[in-house]
Number of protein chains: 2
Amino acid sequence: MSENRGGNGKVSLAEVARAAGVSKMTASRVLRGGGGYSEKTRAEVMAQVERLGYVPNRIATAFASDQGTTFVGVSIPDLGNEAFARVLEGIGDKLGLHGYQTVLGLTRHTLAEEEDWIRTVLSWRPAGLILTGRSHSPRAVEMLRSSGLPVVEIWDLNSSPLDMCVGLDHYDCGFEMGRFLVGRGYRRVGYVGTSHDTANAATARLEGFAKAVTDGGGTVARQLCLHDTATFYPGYYGTEQLLASGCEPECVFYQNDSMAFGGLQYCQRIGLHVPGDIGIVGWGDMPVASVLSHRLTSMHVSTLKLGRVAAEMLVGRLSGEPVEPVRDVGYALIPGSTIRPERVD
Amino acid sequence: MSENRGGNGKVSLAEVARAAGVSKMTASRVLRGGGGYSEKTRAEVMAQVERLGYVPNRIATAFASDQGTTFVGVSIPDLGNEAFARVLEGIGDKLGLHGYQTVLGLTRHTLAEEEDWIRTVLSWRPAGLILTGRSHSPRAVEMLRSSGLPVVEIWDLNSSPLDMCVGLDHYDCGFEMGRFLVGRGYRRVGYVGTSHDTANAATARLEGFAKAVTDGGGTVARQLCLHDTATFYPGYYGTEQLLASGCEPECVFYQNDSMAFGGLQYCQRIGLHVPGDIGIVGWGDMPVASVLSHRLTSMHVSTLKLGRVAAEMLVGRLSGEPVEPVRDVGYALIPGSTIRPERVD
DNA sequence: TTGAAAGCGATACCAA
DNA sequence: TTGGTATCGCTTTCAA
């Protein structure tokens, strides 16, 4: 009689039970440790588990008990962006602590890749999902809805999420920065960022920013959206392009600190004084800013915390605890010194 | 008769088959598309799949066919280190392309966390594993061995890997940098990096570096290993500590470019001229270096490629292709201009 | 405290 | 081109 069809050499519960001289059920109970067996039995079963090197087959468990897996699908646009890497780290830490595993999906900022990935992940019956961004393809939304699984949308704040949501209001955040710059007397400003297929948080920030600037009587002379990653070098050459276009901004707002630092370097390279000749403004309060001689004007966002909160919300829901469906992690303006100082009249 | 014990509303193959007026087997064949059914049957089954919103249960499939899952466990020490984030991105991209999913494990540089994570991941019958580093706990090694799964160890090069390996020789890499600095006339050098429980690649680099320096008649006046992450700010304050210790190095070698940039900023802050007063040397040729006015002396490593190669090796093995078990991605010295120029006699 | 039997949702195998 | 039946390894259920 073949113990294993595949003959893969794996030890099954039945073998452990037989070796221990008990039934499968008894062995199963011992392994799950819920009680319902004698100490003598426990010891014998565990001894056989050790001797035979038994590794439980969680696939079979998930199948038999219809409890799904302990996997949590996490979609992230790209890891080149430090902010997302931090968010992922926060998620991974917390999930791991609670016995869940992160199944990573890199969407490259496209809804189509996200949809494909969601379809695949769902077929593995995950415990839940964490998705970056608030927009998903119609099919993806339908699949998520009918799966009945807990879902946390992160990064963008979303007052009517699919299920749960944690992030910040990027429009407001951009608006606040715009108003702040107007308050410092800037009227003619520029923007350097990147663009993708779908509207995203960075776009919302830009919109809020532009609104505040025009509301304040200023103008966004030029918005440069590069087809590139939001990292150092695009910030550098983007600034070169911006200045070469002749729009002569008094100040440049960047998609994030990495790009802002690239821009800062370009300005210094061509002899522009910051903030004397031009103002430089980043976003995200990223690690690179911590060592610059002039504090970079930026916006602080707790990315690690955002990830942790997302994981906590999901785990909370899975344990049946009541969970606040929308959490705002907020932001904090960092005045910095890469823009001109406050007027002292 | 209850169709589903849990009553979870999920549609099963049996229901699709019944609705289409065929047997489960026929429906199964249609869904897997291997042929063996008429066009009329195919159409009817697919129509019902669409109508009922059937999502296959891969857990059941994996269980029934004993084929394991399409998950690949990937362990990474931490994502704060840009190099690892890049490696992970390379892995994720390639695995996704081939229909595998990344199950992420953050080990925080400890073997114990890696062991726990390996145990959990193995119980889900993954298709294979990719592990960062060459050292693993004895139990982890035993589990990996007896699982019979393909395993790729990355980052460190390892002539006798568990199974497969891709990386670079960090000792040699450090040695080459050391010899290079000696060649530029440096004799009294310092080192700033971080340390963890286990010996790792950075340690190997430092050892190779120190060997080359002493071989060349020089001395590593001070090695600073901070209990911190290998990022910008530790580079900054580590340099402060190093210089305050009075060891007066002519040149400082850092664990990576992020730390080196932090050090560079500190030096400029206190008025030290680079490379006139002090040499600054990084490692990894990271993005931040791309925008500095002086090219940072460093060592280029193709992290994205390393990740891709790791994934390709694993996928190759899974498809039964012959795979070279050890791949060296190498490194390339970047002379830069943050150390004193070559002597022209 | 223990065990026997029935199933979970798919696939493999063989027969028609 | 089809369908019946056994089976994967475990849990659930019920009875002892």
Side-chain angles (χ1 to χ4, degrees), chain A residues 1-45 48-49 52-70 122-125, chain B residues 1-45 48-49 52-70 122-125:
Chain A
M1 165 191 357
S2 74
E3 199 69 55
N4 263 304
R5 182 164 52 196
N8 55 11
K10 289 284 183 306
V11 183
S12 74
L13 223 207
E15 290 168 79
V16 172
R18 181 148 29 85
V22 299
S23 73
K24 283 195 308 182
M25 263 324 296
T26 302
S28 172
R29 288 189 188 105
V30 168
L31 280 165
R32 279 176 296 159
Y37 42 80
S38 68
E39 168 53 26
K40 183 166 166 297
T41 302
R42 194 199 63 76
E44 183 54 32
V45 170
Q48 294 305 326
V49 162
L52 297 170
Y54 170 70
V55 177
N57 183 344
R58 301 271 256 132
I59 294 290
T61 306
F63 178 48
S65 63
D66 197 29
Q67 282 177 10
T69 63
T70 52
L122 283 182
S123 74
W124 286 107
R125 310 282 147 129
Chain B
M1 164 193 354
S2 74
E3 200 67 57
N4 262 305
R5 183 165 49 198
N8 55 10
K10 288 285 181 306
V11 184
S12 74
L13 223 208
E15 289 168 81
V16 171
R18 180 147 31 84
V22 297
S23 74
K24 283 196 307 180
M25 268 320 297
T26 300
S28 173
R29 284 192 271 256
V30 168
L31 281 165
R32 279 175 295 161
Y37 43 80
S38 68
E39 168 53 26
K40 182 168 168 297
T41 303
R42 194 200 61 77
E44 184 54 33
V45 170
Q48 295 304 326
V49 163
L52 298 170
Y54 171 70
V55 177
N57 183 344
R58 301 271 260 134
I59 293 290
T61 305
F63 178 49
S65 62
D66 197 28
Q67 282 177 11
T69 63
T70 53
L122 282 182
S123 74
W124 286 108
R125 310 281 147 127

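Below, chain A is the first sequence line, B the second, and so on; all start at residue 1.
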- Among D:dC10, C:dG9, D:dT13, find the nucleotide with the atom closest to the side chain of A:Asn57. D:dC10

- The complete set of side-chain hydrogen bond (donor to acceptor under 3.5 Å, both in side chains) pairs with one or both residues in residues 19-30 of chain A, sequence neighbours excluded, reads A:Ser23-A:Thr26, A:Ser28-A:Arg32

- Query: Listed by chain and number, what are the salt bridge (charged side-chain N to carboxylate O under 4.0 Å, His left out) partners of B:Arg58, not counting sequence neighbours?
  - Reply: none

- Message: Expressed as a whole number of angstroms, how long is the span from B:Asp66:CG to D:dG9:C1'?
- Response: 10 Å

- First locate atom CG of B:Leu31, then atom CZ of B:Arg42, and finally report the distance between them rounded to the nearest 0.5 Å. 10.5 Å

- d(CZ, A:Arg18; P, C:dG3) in whole Å: 14 Å

- Item | Helix axis bend for the helix from C:dT1-D:dA16 to C:dA16-D:dT1 - C1'-based end axes, five pairs, 10° rounding | 30°

- Message: Can you see if the side chain of A:Ser28 gets near the phosphate of D:dT11 - specifically, an N or O under 4.0 Å from OP1 or OP2?
- Response: yes

- Among all residues two or more places apart in sequence or in another chain, which pass the side-chain contact (heavy atoms from CB on, under 4.5 Å) test with A:Ala62? B:Ile59, B:Trp124

- Item | CG-CG distance between A:Asp66 and B:Asn57, expressed to the nearest 0.5 angstrom | 8.0 Å

- Message: Among residues at least two apart in sequence or on other chains, which ones pass side chain to side chain donor-acceptor pair (under 3.5 Å) with B:Thr41?
- Response: B:Ser38

- Distance from B:Arg125 atom CZ to B:Ser123 atom OG, nearest 0.5 Å? 8.0 Å

- Query: Which residues in residues 31-42 of chain A have at least one heavy atom lying under 4.0 Å from any atom of DNA chain D?
  - Reply: A:Arg32

- Message: Quick check on C:dA10: is either OP1 or OP2 less than 4.0 Å from any side-chain nitrogen or oxygen of B:Tyr54?
- Response: yes

- Message: Tell me if the side-chain of A:Arg58 makes a donor-acceptor pair with the base of D:dG9, cut-off 3.5 Å, by modelled atom types.
- Response: no

- Task: Please name the pair of heavy atoms, one in A:Val16 and one in A:Val49, separated by the smallest distance, quoted to 0.1 Å.
- Result: CG1-CG2, 3.8 Å

- A:Leu13 has an atom CG; how far is it from atom P of D:dG9, in whole Å? 11 Å

- Please list, by residue number, the residues of residues 19-26 of chain B whose heavy atoms come closer than 4.0 Å to an atom of DNA chain C; answer none if no residue qualifies. B:Lys24, B:Met25

- Task: For residues A:Tyr54 and A:Ser12, report the shortest heavy-atom separation together with the two atoms involved.
- Result: CE1-C, 3.6 Å

- Item | Whole-Å gap separating P (D:dT13) and CZ (A:Arg29) | 12 Å

- Task: List for me each residue that meets side-chain contact (heavy atoms from CB on, under 4.5 Å) alongside B:Ala20, sequence neighbours excluded, and say none if there are none.
- Result: B:Val22, B:Glu44, B:Val45, B:Gln48

- Item | Nearest-angstrom distance from the residue atom CD1 of A:Ile59 to P of C:dG9 | 15 Å

- Query: How close or far is atom P of D:dG9 from atom CD of B:Gln67, stated in whole angstroms?
  - Reply: 14 Å

